[in-house]
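A short write-up of the structure that comes next.
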Amino acid sequence: MKYRSTRGAMAQSLDEALLSGIAADGGLFVPEALPQFHTDDFAGADSMLEIAKILLMPFFEGSRLADELDGILLETFDFPLPLTPLPVDSGRADLLELFHGPTAAFKDVGAGFLAACLCRLEQKAATPLTILVATSGDTGGAVAAAFNERPGIHVVVLFPDGRVSERQAHQLTCWGDNVLSLAVQGSFDDCQALVKSAMADESLCEQYRFSSANSINIGRLLPQCTYYAATSLRHWRETGRRPGFIVPTGNLGNAFACIMTREMGLPIGEIILATNANRIIADYLAGSEWAPRASIPTLASAMDVGNPSNMERLRDLLGDADAIKEHIRVITASDKNIEQQIRQNYAAFGFAICPHTATATYAYQQLSQAVKDTNDWVIVATAHPAKFELIVEPLIGDVVPLPRSLQEIQSKPSRSVSINADMSSFKTALHDRFYLDGDVQGAIDSVN
Ligand SMILES: *Cc1c(COP(=O)(O)O)cnc(C)c1O
């Protein structure tokens, strides 16, 4: 299969799309044509791995990785993705828990798959790939964990010092020698600006091979389709009905994967995007122009996005706002709604949910009784509540125990380098960790 840019650049192989992340014309890579499936195509496949293999095989046609898909999937899905039935009064609602990976958020799936692909593609590279990630929390931890101690790949995580919680900071700074954690004296936007400047800096690009692992990489999108496929197929087999999905949404990566999976023919019913007070998608579908905005800080901070980049893929797939409206609905939750949901959920069901998941349970609550009675719903849970204990614990008046993965992370020593939010500090830190490194220097000398 070939991949083209949403802005029209020529088709590239999967391997090129994975390595470059973003297309040369600034667009996002999309498959030239989506494969089409019938439920019979999955006959005999029941586990996540079996279903994932059938679903993703066509995307790997012509890739150097085609014969390695089994190994890539084994590495990606080495943690469970359980479906927990909620004891709702009528109808059926299940919670799809995507937070049992190494950093307890759904981004572990995409980051793990991308790392499994890139380290196989990079096995014989002369100079290591340096992956830059600006992060305000979840992304940086998932990417660092996924690439930790992978040979031939360096990761640089830039986060705004003092603006992430202590627990989150630890998840960004406890990794091996190939991960450089930079505590930037500035904002998340400063971190992002440094990444952009570095990737556009010709002299730096002569010394390093940069790539980025943010959510626009097709390698983070593809594996997310598999849990929508597996969940909907199992539900279909069991009940003969297509479940609807409610997906907490920020940059639209996870929800886009759900929409794409339905477009490939999997038995998915209605798709509802749950957002926080950053209303850009809701306003666009209600008739406003698509205009990037500054993001508003909310309790569901990993969804604080003013300009969701995957909208470009969604328009490419479905068309303009009127066409998109035919396919999805958006329900937005305020911080007050989020707080209420966390409390209510704990009172009703006896377990805590994270603020992002709370936007989805809020959206479910907003559905009419008739829709709840006649349709089955899958509510997507994107992070473990213990990641956001400063918000969740006061609301429920109880402690949220750390899952084992986060306990392991908290017990590792932490180290980071503090830098000013300017290119010369950034370059020095990069140079000190990676450029003077013996084998890296050797590799660069031999290339020059
Ligand atoms: C990143 C993130 C989201 C938003 O996902 P998108 O793919 O950006 O829409 C939701 N919840 C959590 C916990 C996240 O980390």
Side-chain angles (χ1 to χ4, degrees), residues 28 95-114 133-146 159 164-165 167-168 171-172 188 213-225 227-228 245-261 271-282 295 298-314 328 330-333 338 341-342 352-363 379-389 391-392 403 406:
L28 278 60
L95 200 65
L96 176 59
E97 298 179 10
L98 303 179
F99 53 72
H100 296 281
T103 68
F106 87 94
K107 290 187 175 79
D108 285 325
V109 175
F113 182 85
L114 182 63
V133 210
T135 187
S136 53
D138 283 352
T139 304
V143 170
F159 66 96
V164 299
S165 76
R167 210 177 264 179
Q168 262 183 329
Q171 291 158 22
L172 300 171
F188 169 65
N214 56 18
S215 75
I216 57 173
N217 195 307
I218 188 92
R220 289 190 43 191
L221 198 57
L222 294 177
Q224 292 169 8
C225 297
Y227 44 74
Y228 294 114
F245 283 81
I246 307 178
V247 188
T249 296
N251 219 5
L252 240 168
N254 203 7
F256 182 80
C258 187
I259 297 164
M260 181 170 146
T261 308
I271 297 174
I272 296 177
L273 277 49
T275 73
N276 59 25
N278 289 277
R279 296 183 46 95
I280 181 165
I281 304 173
S295 62
T298 75
L299 295 174
S301 55
M303 292 158 49
D304 292 346
V305 180
N307 183 20
S309 36
N310 283 295
M311 180 53 88
E312 192 162 327
R313 283 196 172 110
L314 192 59
I328 57 168
V330 182
I331 296 176
T332 64
I338 291 173
Q341 281 301 312
I342 294 173
I353 51 174
C354 89
H356 310 83
T357 306
T359 64
T361 61
Y362 174 76
I379 299 169
V380 176
T382 48
H384 193 286
K387 289 197 90 163
F388 303 94
E389 84 286 7
I391 296 166
V392 175
L406 293 187

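When a residue number appears, it is its place in the shown sequence, counting from 1. Note that ligands are numbered from 1 as they come in the structure, with each ligand's atoms numbered from 1 the same way.
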**OP:** Pick one of side chain, backbone, both or neither for how Lys107 approaches ligand 1, counting any non-hydrogen atom pair under 4.0 Å.
**Re:** side chain
Original post:
How does Leu252 reach ligand 1, if at all, at less than 4.0 Å between non-hydrogen atoms: by side chain, backbone, both, or neither?
Top reply: backbone
Would you check the N or O atoms of [X], main chain and side chain alike, for any that come under 3.5 Å of an N or O of ligand 1?
X      : result
Thr249 : no
Asn254 : yes
Ala105 : no

Element-labelled atoms of ligand 1 that are located less than 4.0 Å from some non-hydrogen atom of [X]:
X      : result
Ala302 : 1 (C), 2 (C), 12 (C), 14 (C), 15 (O)
Gly253 : 6 (P), 7 (O), 9 (O)
Asp138 : 12 (C), 13 (C), 14 (C), 15 (O)
Ala383 : 13 (C)

Nearest neighbour in protein (non-hydrogen) for [atom]:
atom                    : value
atom 10 (C) of ligand 1 : Met303 CG, 3.5 Å
atom 11 (N) of ligand 1 : Thr382 OG1, 2.8 Å
atom 9 (O) of ligand 1  : Gly250 N, 2.7 Å
atom 8 (O) of ligand 1  : Asn251 N, 2.8 Å

With heavy-atom distances below 4.5 Å as the criterion, would you say the side chains of [X] and [Y] are in contact?
X      : Y      : value
Thr298 : Met303 : no
Phe388 : Asp138 : yes
Phe245 : Asn254 : no
Met311 : Ile281 : yes
Phe106 : Val380 : no

Original post:
Can Phe106 be said to touch ligand 1, with heavy atoms closer than 4.0 Å?
Top reply: yes
**OP:** Please confirm whether the backbone N or O of Gly253 pairs with a side-chain atom of Arg313, one donor and one acceptor, at under 3.5 Å?
**Re:** no
Subject >> Residue that, paired with Asn276, satisfies side-chain hydrogen bond (donor to acceptor under 3.5 Å, both in side chains) out of Thr359, Thr332, Asp304 >> reply: Asp304
**OP:** Could you walk me through whether Arg220 and Asn217 pass side-chain hydrogen bond (donor to acceptor under 3.5 Å, both in side chains), step by step?
**Re:** CA-CA 6 Å; Arg220 289 190 43 191; Asn217 195 307; over 6 Å; no
**OP:** Report yes or no: do Gln341 and Thr361 form a side-chain donor-acceptor pair below 3.5 Å?
**Re:**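 Checked: Gln341/Thr361 side chains pair up, N/O donor to acceptor below 3.5 Å.
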